[in-house]
Amino acid sequence: MADTVLLIDGNSIAFRAFFATINSLDRFTNHAGVHTNAIFGFNNMLDILLKQVEPSKVLVAFDAGKTTFRTEKYGDYKGGRQKTASELLEQMPLIKQMLDGYGIEHYELKNWEADDIIGTMAKQAEAAGDDVIVVTGDRDLTQLATEKTTVAVTVHGVQELEEYTPKYVEEKLGITPNQIIDMKGLMGDTSDNYPGVQKVGEKTAIKLVKQFGSIENLYDNIDTLKTSKMKEHLIEDKDKAIMSKDLATIRRNAPVEKSLDDIGYSGPNVEVLRDFFTDMGMKGALAKIGGAEEKPAPKAKWSVLSAANIGDALKLKSPVAFGLEMLDDNYHNAAISAFYVGDADQTFVSADLSLLDDLEFHMWLEDPARELTVFDAKRMIVAAARLQLNIRPACDELLASYLLDPDDNSADLGTMARRRSYLELPSDAEVYGKGAKRKQPEDDVFYNHLALKSQALLKLRAGLLTDLEKQGETDLFTNLEMPLAGVLAKMEMRGIKLEPDTLAEMGKNFEGSLAVMEQDIYREAGHEFNINSPKQLGTVLFEDLGLPAVKKTKTGNYSTNVEVLEQLQSAHPIVKDILSWRELSKIQSTYVNGLQKALQPDGRIHTRYLQTLTQTGRLSSIDPNMQNIPARGTGKQVRKAFVPSHKDWIIYSSDYSQIELRVLAHISGDENMREAFREGRDIHANTAMKIFNLKSPDEVTPDMRRQAKATNFGIVYGISDFGLARNIGITRTQAKQFIEGYFNQYPKVHEYMDKMVEVAKKQGYVETILHRRRYLHDINSRNFNLRSFAERTAMNTPIQGSAADIIKIAMVRMDKALKDAKLQARMLLQVHDELIFEAPASELEELKKLTASVMDSAIKLAVPLKVDSHAGDNWFDAK
DNA sequence: CTACTCACG
DNA sequence: ACGTACGTGAGTAGT
């Protein structure tokens, strides 16, 4: 049987692993202060590869040093590179040590690069009839792909591999693997610092290689090329092209002293590896290599709380960890199966919820002096409230972790703890199981797990708080997000009243219309099919009816989205019918039916806001999502079903006008934009005047205003000419002119965009006005797409995030203001820039004044904030 | 469990 | 030259 040979580009993988986690470099250090992030990433990758590939032979090749035969040929080869970071350098010998523990051969050869070692070994292995897998972070190695050799290139750090077979190379580039060197020869390589032919990039290079097959053949037939600048350049740079091809060519005959027989792999030396991982402080890896079976689940000390010893709980000292355990995630109705309470010394657990009714214990828990530390405050507040217990946690560790890094938002304490190097708490999934198998374990295991949670909370608390302080987020945490958790809990518990009859009636009508439309569509198609299936619909439109396919999806299927269908409207009458059917069917299934399913026995909808999910600081809403109820078109009717709780009450909504553009005017410091807002001008018309170079607002046509509005939006999203052009249906050149005009008129906005990208590149994150932070891992990526995305995010996040900050302040203050004014009015919903209330009609005037003053003054910006409000008998009319 | 589509700001 | 708007959640099909 053929062997599978795994060949790994050691330097390249170490490099990728290092940069994948460079933002949290300091979280990966061992007792001696040595960084371990690259070791960690390398190990993860190795672990996965060994399991998936099950190789019988493995070799990790390293570069031997700076000088190689390539630098002898061309002195500037790989010149001008930055020095390797010392934090990575110190890990290189340790990675080799780890490989020794794995029993994996590693090898380097003076004057040769790792690539050449790999190329040489791959050739030998192929000759022996083996299958070869090359793993690297360097695309240039894809030239090695053959029928027997697959080249796996890392994407997204080292998490994922993209496998290059000859077929895949051809699909992707249109040339064969062994033509890659011809392409590189023509285009050169900036990172390896060798030249190609002037003005020839990847596109041109591929075109030429396709045409001529190779550089040699190209120059043999150069006369067949039409006279052009390119031809001149090709002739002028012939020597460079030939030299560059030579530099790009991986040698397959390096004097490698290892043979296939030397690189057999038969599994790790667990003892050696265990010592190594222990020394590196890599507890996760340690557990994985066999520690796992031997090591019992962590054991906590705890006592079961009962009526007999409840007095002991009252002696616990702040900070006190507390939690109500629910195995379902919807805390509005999940069964509460137990609670835990503890301090640094003692932990109590109990499944007897009636203990929480004990008057003394009850008051002790509710006492604001208690400093309760919890995981997911809103969840705990709502669950406790169901037991008539009104807690006000002082510290929510989920929220803290989320503010430190919005990526760290796992709804599981054990998972968060592990990320912070605390390994004494397994995840809920490990203890309870997941999916259908999830269930409460026997008492001993269950109580132990709860006790571990209590102890983890107390162990992690100080570190989280000092980290918040270090990141300047203490105020955001203490004075905004923590209080907001309480406000949101109240909003969710109140819910909003829904009249199911209103929906049911709408549903009946829609059902009738849908049935008629369906028949029309089937008739036009010539047969019945599932209109809801994009696949079947694609077949009907683009094969049966032969309409021109406009666009494909990323998986290569026909796209049938609105944009496509709108373009096809005139081509066939069926298209219009499908569009109408789609619109109605969406309303029917998601809203008319969906909302009725979400209606609770109390006649109300109780959404859950996710306070620790979005990357920008916005809330999101689930189960049901109350932030995407139709606001336009036919679907808007759905809003009629949302009504006040009581007779003679009203629904009242108050929304920030243009909050994101006002934030932009503020943080960019642009005087032109600030003035427009200060003067109370129509910002879109103002922008239209600027970019169309008009003298007076009267000259602004509705279409100009529409385009200007789209441009304003585009700016907020981190504009590109392509995106803007597509959005408003103009040419890319026109879009470019719009943007140029825009930046001329709002010069500081331009500066702001550049500055945010620069800041992100330098420090790895951007911030909102309240110092909410978002890390942008891809900001220095060499992948254009990833990097561009990160750049747009760098521009957008401070804007979207600061707007989120502002409405959150307004919510916390509104909650207090309503209480202070002793109004019956209540806040029910938040939809990003809008707050929705219900109130007795008699309170409307006062409510108007209150929302205006509280929302306007939530924060002091260099421009005024403006609030619009509407009232009505239901949500539809409150707009 | 992923892909597609479409609802919101 | 590269391929694009920013942030979400839910329903349905189809593997």
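Lettering of chains follows the sequences in order, A, B, ..., and the numbering in each one begins at 1.
Side-chain contact of A:R608 with A:Y331: a donor-acceptor pair under 3.5 Å is absent, judged by distance alone.
Between A:T590 and C:dG9, a side-chain N or O to OP1/OP2 separation shorter than 4.0 Å is absent. Not one side-chain nitrogen or oxygen of A:R632 sits closer than 4.0 Å to the OP1 or OP2 atom of B:dA7. Close to C:dG14, at under 4.0 Å from its OP1 or OP2, lies a side-chain N or O of A:S533. A:R618 has no side-chain polar atom (N or O) that falls below the 4.0 Å cut-off from OP1 or OP2 of C:dG7. Close to B:dT5, at under 4.0 Å from its OP1 or OP2, lies a side-chain N or O of A:T560. In this structure, A:R582 reaches the B:dC6 phosphate: one of its side-chain N or O atoms is under 4.0 Å from OP1 or OP2. Between B:dC4 and A:T553, a contact under 4.0 Å exists linking OP1 or OP2 to a side-chain N or O. When the side-chain nitrogen and oxygen atoms of A:K535 are compared with OP1 and OP2 of C:dT15, one or more of them lie within a distance under 4.0 Å. For C:dG7, the OP1/OP2 oxygens have a side-chain nitrogen or oxygen of A:R774 closer than 4.0 Å. OP1 and OP2 of B:dC4 both lie 4.0 Å or more from every side-chain N or O belonging to A:N561.
With B:dA7, B:dC8, C:dG3 as the candidates, the nucleotide lying closest to the side chain of A:Y591 is B:dA7. Residue A:A710 has its side chain nearest to C:dA5 when only C:dG3, C:dA5, B:dA7 are considered. Looking at the side chain of A:R792, the nearest of the listed nucleotides C:dA10, C:dA13, C:dT4 is C:dT4. Closest to the A:F789 side chain, of the nucleotides C:dG14, B:dA7, C:dC6, is C:dC6. Comparing C:dA10, C:dA5, C:dG3 against the side chain of A:Y717 picks out C:dA5 as the nearest. Considering only side-chain atoms of A:K586, the nucleotide from C:dT4, B:dA7, C:dA5 that sits closest is B:dA7. Nearest to the side chain of A:N628, among B:dG9, B:dC4, B:dA7, sits B:dA7. Nearest nucleotide to the A:N557 side chain, out of C:dC6, B:dC4, C:dT8: B:dC4. The A:N532 side chain lies nearest to C:dT12 when the options are C:dA5, C:dG3, C:dT12.
Nucleic acid contact class of A:N530 (heavy atoms, under 4.0 Å, all strands): sugar-phosphate only. If you check every strand for non-hydrogen atoms under 4.0 Å, A:V831 touches sugar and phosphate atoms only. Using a 4.0 Å heavy-atom distance criterion, A:G714 is classed as a base contact. Within 4.0 Å (heavy atoms only), A:I587 reaches no atom of the nucleic acid at all. Contacts of A:D833 with the nucleic acid, taken as non-hydrogen atoms under 4.0 Å apart, involve only primed sugar atoms and P, OP1 or OP2. If you check every strand for non-hydrogen atoms under 4.0 Å, A:I622 touches sugar and phosphate atoms only. Nucleic acid contact for A:T797: none, since no nucleic acid atom lies under 4.0 Å from a heavy atom of the residue. Residue contacts shown for A:I799 are absent, as no nucleic acid heavy atom lies under 4.0 Å away. Backbone-only engagement by A:Q615 is indicated by non-hydrogen atom pairs under 4.0 Å involving sugar-phosphate atoms exclusively.
We find that CG of A:L619 is positioned 19 Å from P of B:dC8, with the value rounded to whole Å. As rounded to whole Å, 9 Å separates atom P of C:dA13 from atom CD of A:Q536. Between A:K597 atom NZ and C:dG9 atom C1' there is a gap of 15 Å when expressed in whole angstrom units. As a whole-Å value, the separation of A:Q800 CD from C:dT8 C1' is 9 Å. At whole-Å resolution of the value, NZ in A:K552 and P in B:dA3 are 17 Å apart. If you measure from atom CG of A:L537 to atom P of C:dT12, you get 16 Å, rounded to the nearest angstrom. Rounded to an integer number of Å, the gap from CD1 of A:I807 to C1' of C:dG7 is 15 Å. Rounded to whole Å, the distance from CG on A:L595 to C1' on C:dG9 is 12 Å.
Each of A:N796 and A:D623 lies near DNA chain C, and the nucleotide nearest A:N796 is the one positioned closer to the 5' end. Taking for each of A:G201 and A:P624 the nucleotide of DNA chain C with the nearest heavy atom, the 5'-most of the two is the partner of A:G201.
Side-chain contact between A:D140 and A:I180 is absent, with no heavy-atom pair separated by less than 4.5 Å. A:M517 places none of its side-chain heavy atoms less than 4.5 Å from the side chain of A:D577. Side-chain contact between A:Q627 and A:E834 is absent, with no heavy-atom pair separated by less than 4.5 Å.
In this structure, A:K755 places its NZ atom where only 12 or fewer heavy-atom neighbours from other residues, nucleotides or ligands lie under 6.0 Å away.
No donor-acceptor contact under 3.5 Å links the side chain of A:S620 to the base of C:dT8. Between the side chain of A:Q627 and the base of B:dC8, no donor-acceptor pair under 3.5 Å is found.
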(request) Might you work through the side-chain contact (heavy atoms from CB on, under 4.5 Å) test for A:I719 and A:Y742, ending with a clear yes or no? (result) CA-CA 11 Å; A:I719 200 151; A:Y742 194 103; over 6 Å; no
(request) I would like to know whether A:E660 and A:R618 meet salt bridge (Lys or Arg N to Asp or Glu O under 4.0 Å); could you show each step before the answer? (result) CA-CA 13 Å; A:E660 293 193 343; A:R618 274 191 176 181; 3.6 Å; yes
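Nucleotide B:dA7 forms a Watson-Crick or G-U wobble pair with C:dT8, both donor-acceptor distances falling under 3.5 Å.
Scanning for salt bridge (charged side-chain N to carboxylate O under 4.0 Å, His left out) contacts around A:K229 gives A:E232, with sequence neighbours left out.
A:F529 and A:Y522 have perpendicular rings, their planes meeting at more than 60° on a 0 to 90° scale where under 30° would count as parallel.
Spacing of P atoms, C:dA5 relative to B:dC6, comes out at 15 Å, to the nearest Å.
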